[in-house]
Amino acid sequence: MEREISGLLRQIARKDVVEIGPGSAVGRMAALVHVAEHYGFEYDRSIRTGHKKTLVLARMYRDPSPRARAREAATAAAHPAAGNGGAVPGMRQGSLRPLPEARDAVARTKDRIMFDVLSSHAADTPRKVLGYAMCAAFALVLLVSGKPLVALVGGGVLAAFLTGAFKLGEIRRQQITARLTAAGFVPVRDGSGRQSFLRPGQQLPGHTNPFAS
């Protein structure tokens, strides 16, 4: 935990864009994003990365507004030993478990991360095509082997499983959208059509964000 916090604070001290991850523990990533927000950073997006795109990398940008800079100064003054065994904003001492007053905010940040991840899956047309192609290839192998009934049933079951998985992802996105909207987050689209959510009071990224369109 201390190593993660120390690494994050080193990035915050040197960079206008910080990266959290890559990792697979989205809850811990959401907690780290929440900590970075106290230092005047805003969540930008999360992407899939790593071998077979199984890991997640979250990106944040420094908010240059006076309000964000004041928030950073107040956080630094209130938590001088963060990253060195001291208290961390919004988290229980010695852990990345949110304090009661931070739980909802961290939960919504986790939703934003998961929305980005699920959206990237939904937009991954080559992955979908490959999945159905593998179903067809499996059925063809069985058919050539003289097992037409098994080919029909097996191929149909695999295709149905894939369709169900894609549908489940869409349902989860809709549920996340409902939670974020209810919490006051604003849906926006960038120039490429990518949808994301801005938290209440968050402004669109400025020139310090190289990921902006």
Side-chain angles (χ1 to χ4, degrees), residues 1-63 83 88 91 96-98 105-134 162 165-177 179-180 185 187-199 202 204-213:
M1 176 268 192
E2 289 299 334
R3 184 170 60 181
E4 291 174 294
I5 294 294
S6 297
L8 175 62
L9 293 181
R10 283 196 297 270
Q11 287 194 74
I12 287 173
R14 302 194 312 263
K15 302 177 180 179
D16 286 331
V17 175
V18 302
E19 294 185 339
I20 297 173
S24 56
V26 175
R28 291 181 70 84
M29 294 179 67
L32 288 168
V33 168
H34 183 74
V35 171
E37 288 176 343
H38 280 78
Y39 289 90
F41 278 73
E42 290 286 4
Y43 175 79
D44 177 42
R45 69 182 66 181
S46 291
I47 61 172
R48 293 182 295 139
T49 187
H51 181 59
K52 295 185 179 180
K53 304 292 185 181
T54 56
L55 300 177
V56 179
L57 180 71
R59 288 172 172 163
M60 303 185 70
Y61 62 91
R62 188 185 301 277
D63 181 352
V88 177
M91 300 296 131
L96 283 174
R97 289 182 298 166
V106 173
R108 298 295 74 78
T109 297
K110 183 177 178 180
D111 278 340
R112 295 173 81 186
I113 294 173
M114 288 306 304
F115 184 88
D116 287 345
V117 172
L118 292 170
S119 294
S120 66
H121 278 295
D124 193 350
T125 300
R127 177 172 169 269
K128 293 181 179 179
V129 172
L130 177 62
Y132 286 116
M134 291 178 65
L162 277 178
F166 294 141
K167 182 62 177 177
L168 179 61
E170 179 57 30
I171 291 173
R172 290 184 65 191
R173 280 207 311 157
Q174 292 173 357
Q175 292 172 337
I176 290 173
T177 295
R179 288 197 297 268
L180 289 173
F185 285 80
V188 296
R189 290 188 182 275
D190 62 19
S192 66
R194 183 186 73 93
Q195 183 178 356
S196 60
F197 288 85
L198 298 182
R199 68 174 178 79
Q202 180 181 357
L204 289 171
H207 68 279
T208 59
N209 176 22
F211 306 108
S213 300

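For clarity, every value in this text was computed on a predicted model and none was experimentally measured.
Side chain of Arg108 to backbone of Leu180: no donor-acceptor contact under 3.5 angstrom is found. Between the side chain of Gln11 and the backbone N or O of Glu19, at least one donor-acceptor pair lies under 3.5 Å.
In this structure, Ile20 and Met29 approach most closely via the heavy-atom pair O-CE, 3.2 Å. Taking all atoms of both residues into account, the shortest heavy-atom contact from Asp116 to Ser46 is OD2-N, 3.0 Å. What you find for Gln195 and Pro187 is that their closest heavy atoms are NE2-CB, 3.7 Å. Nearest heavy-atom pair across Pro22 and Thr49 is CB-CG2, 3.6 Å. The shortest non-hydrogen separation linking Arg173 to Leu118 is CG-CB, 3.5 Å.
For the pair Arg112 and Tyr43, the cation-pi test (distance below 6.0 Å, angle within 45°) is failed.
Rounding to the nearest 0.5 Å places CZ of Arg172 at 12.5 Å from OG1 of Thr177. Interatomic distance, CD1 of Ile47 versus CG of Leu57, reported as 5.0 Å (0.5 Å rounding). Between atom CD1 of residue Ile12 and atom CD1 of residue Ile5 there is a gap of 8.5 Å, rounded to the nearest 0.5 Å.
Residues Arg28 and Glu4 have side chains in contact (heavy-atom distance under 4.5 Å, counting atoms from C-beta outward). When side chains are defined from C-beta on, Arg179 counts as touching Gln175, because their heavy atoms get closer than 4.5 Å. A 4.5 Å side-chain heavy-atom check between Met60 and Asp44 finds every atom pair outside the cut-off. With contacts defined as side-chain heavy-atom distances shorter than 4.5 Å, the pair Arg62/Val18 does not qualify. At least one side-chain heavy atom of Ile113 sits less than 4.5 Å from a side-chain heavy atom of Val56.
Considering only residues two or more places apart in sequence or on other chains, Ser24 meets the side chain to side chain contact (heavy atoms under 4.5 Å, CB included) condition with Leu55.
Heavy-atom contacts from other residues, nucleotides or ligands closer than 6.0 Å to CZ of Arg14 number more than 12.
The ring of Phe41 has its center no closer than 6.0 angstrom to the ring center of Tyr61.
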Result block: side-chain N/O donor-acceptor pairs under 3.5 angstrom for residues 33-40, not counting sequence neighbours:
{"from": "His38", "atom 1": "ND1", "to": "His34", "atom 2": "O", "distance (Å)": "3.0"}

